[in-house]
Amino acid sequence: EAQVTQNPRYLITVTGKKLTVTCSQNMNHEYMSWYRQDPGLGLRQIYYSMNVEVTDKGDVPEGYKVSRKEKRNFPLILESPSPNQTSLYFCASSQGEGTPASTDTQYFGPGTRLTVL
Amino acid sequence: DAKTTQPTSMDCAEGRAANLPCNHSTISGNEYVYWYRQIHSQGPQYIIHGLKNNETNEMASLIITEDRKSSTLILPHATLRDTAVYYCIVRVYRETSGSRLTFGEGTQLTVNP
C-alpha cells in the first residue's frame, strides 16, 4: 500500500532534549516536505527536499533540521526543543514538484503530535 | 503569492450537494487551484485540482470561473464522512524551489443528518 509513515505518532518531551521524528515513503517520490499545524495558523511548511541531498527552508525553519540521505526517508530533527515547538507535524511526499507543469499531488502522513514541556 | 479567501464554516444536509466557494483574485495564468481536505487532525487528503477547465473525479467537481478569480468545489451527494476542513490552495511554482502549497484556514464543512 502506498503510504507515508511517521514515527512516533505522539511524543511528550522536555525542553532541550534532542528528538527526531522520522518520515518514510514507499512511493519512490522525489519531493518530501515537513509542515507544522497550529490553531489559527493553518499548515506552515518547515523544510522541503526536492531530491536526495537537496534540502531547503520553508516558511518556519527556525529550530529545526532535516536531512535527506536516501530517497525514502526525511527525518525532522529538533536539536533543542522548546515549548513553542509544541504542535502537530505532518510529513508529505510527491513524485516531483520541479517543473511548472508538474501537477503531482502531495500525500500526507498521519501526523505526529508533539508536546514540549 | 496568490491568496485564497474561503468562508470559515458551512453546513450541508446529508445527501444534498455541498458547494464550497473560494476566491483567488490574484491568481496568475499558470497557477493551478488545488483542493485538499482534512478530517479531524488527520493528514490532509487531495481532492481535485484544475487550471482553467472544469474538472470532475470520483470525489468531487471543480468549477473555475472564466476569469479564474474564483472557483467552487462541489461534493454532489454529501455524507456524514465528508465533514472536514476543506482547503482551497493556489499552487505556486518557482524555478529555484519547485512548487509550493500554502494552506490557509480553510472552510469547516459540517454535514448534518
Side-chain angles (χ1 to χ4, degrees), chain A residues 2-6 9-10 21 23 25 27 29-51 54-61 87-114, chain B residues 1-9 22 27-53 55 57-60 62 64 73 84-108:
Chain A
Q3 60 183 350
V4 179
T5 57
Q6 296 178 226
R9 295 288 313 281
Y10 301 90
V21 183
C23 173
Q25 49 93 4
M27 296 168 278
H29 283 170
E30 292 180 351
Y31 184 96
M32 297 186 74
S33 179
W34 276 102
Y35 296 84
R36 63 177 286 174
Q37 185 172 30
D38 304 288
L41 296 175
L43 277 88
R44 295 178 292 168
Q45 190 177 50
I46 303 171
Y47 269 94
Y48 63 94
S49 169
M50 293 181 70
N51 215 324
V54 180
T55 63
D56 211 341
K57 297 177 181 178
D59 298 318
V60 286
S87 187
L88 178 59
Y89 291 86
F90 290 103
C91 179
S93 75
S94 65
Q95 178 56 43
E97 302 283 350
T99 66
S102 168
T103 56
D104 289 316
T105 61
Q106 291 193 22
Y107 294 83
F108 283 80
T112 295
R113 190 168 291 280
L114 172 66
Chain B
D1 294 354
K3 289 189 183 296
T4 61
T5 304
Q6 299 177 253
T8 302
S9 63
C22 179
I27 194 170
S28 298
N30 62 350
E31 291 176 338
Y32 285 77
V33 178
Y34 275 70
W35 284 83
Y36 279 75
R37 74 180 183 184
Q38 187 177 24
I39 299 173
H40 193 54
S41 296
Q42 296 177 18
Q45 176 191 24
Y46 165 80
I47 302 173
I48 199 168
H49 72 275
L51 182 63
K52 295 179 184 177
N53 300 320
E55 302 288 344
N57 62 21
E58 64 278 3
M59 288 183 69
L62 175 60
I64 302 175
L73 178 75
V85 177
Y86 287 77
Y87 297 98
C88 169
I89 302 159
V90 172
R91 175 183 171 270
V92 175
Y93 175 80
R94 297 282 185 268
E95 283 283 346
T96 54
S97 60
S99 70
R100 297 275 300 274
L101 299 178
T102 301
F103 288 78
E105 286 302 301
T107 296
Q108 171 66 58

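On a predicted model such as this, the values are computed, not experimentally measured, just so you know. Throughout, a chain's letter reflects where its sequence line sits, starting with A, and its residues are numbered from 1.
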inquiry  = At a 4.5 Å cut-off on heavy atoms, which part of A:Leu43 comes close to chain B: side chain, backbone, both, or neither?
reply    =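 Looking at A:Leu43, backbone and side chain both touch chain B.
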Considering all heavy atoms, the nearest B:Tyr36-A:Gln106 contact =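 Scanning both residues, the minimum pair turns out to be OH-N, 2.9 Å.
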ask   = So, for B:Ser41 and A:Arg113, which heavy atoms are closest and what is the spacing to 0.1 Å?
value =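 For B:Ser41 versus A:Arg113, the nearest heavy atoms are OG-NH2, 3.7 Å.
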ask   = Side chain, backbone, both or neither: which part of B:Gln45 has a non-hydrogen atom closer than 4.5 Å to chain A?
value =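 Interface part for B:Gln45: neither.
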inquiry  = With a 4.5 angstrom heavy-atom cut-off, is it the side chain or the backbone of B:Glu105 that approaches chain A, or both, or neither?
reply    =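 Side chain of B:Glu105 only, per the 4.5 Å heavy-atom cut-off to chain A.
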ask   = Looking at A:Gln6, A:Arg44, A:Gln37, which has the largest count of heavy-atom pairs under 4.5 Å with chain B?
value =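 Most pairs with chain B among the choices: A:Gln37.
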Test ring pair (Phe, Tyr, Trp, His ring centres under 6.0 Å) applied to A:Tyr35 - qualifying residues, sequence neighbours left out =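 Partners of A:Tyr35 by the ring pair (Phe, Tyr, Trp, His ring centres under 6.0 Å) criterion, ordered by chain and then number, come out as A:Phe108, B:Phe103.
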Residues forming a ring pair (Phe, Tyr, Trp, His ring centres under 6.0 Å) with A:Phe90, sequence neighbours excluded =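 Residues passing ring pair (Phe, Tyr, Trp, His ring centres under 6.0 Å) with A:Phe90: none at all.
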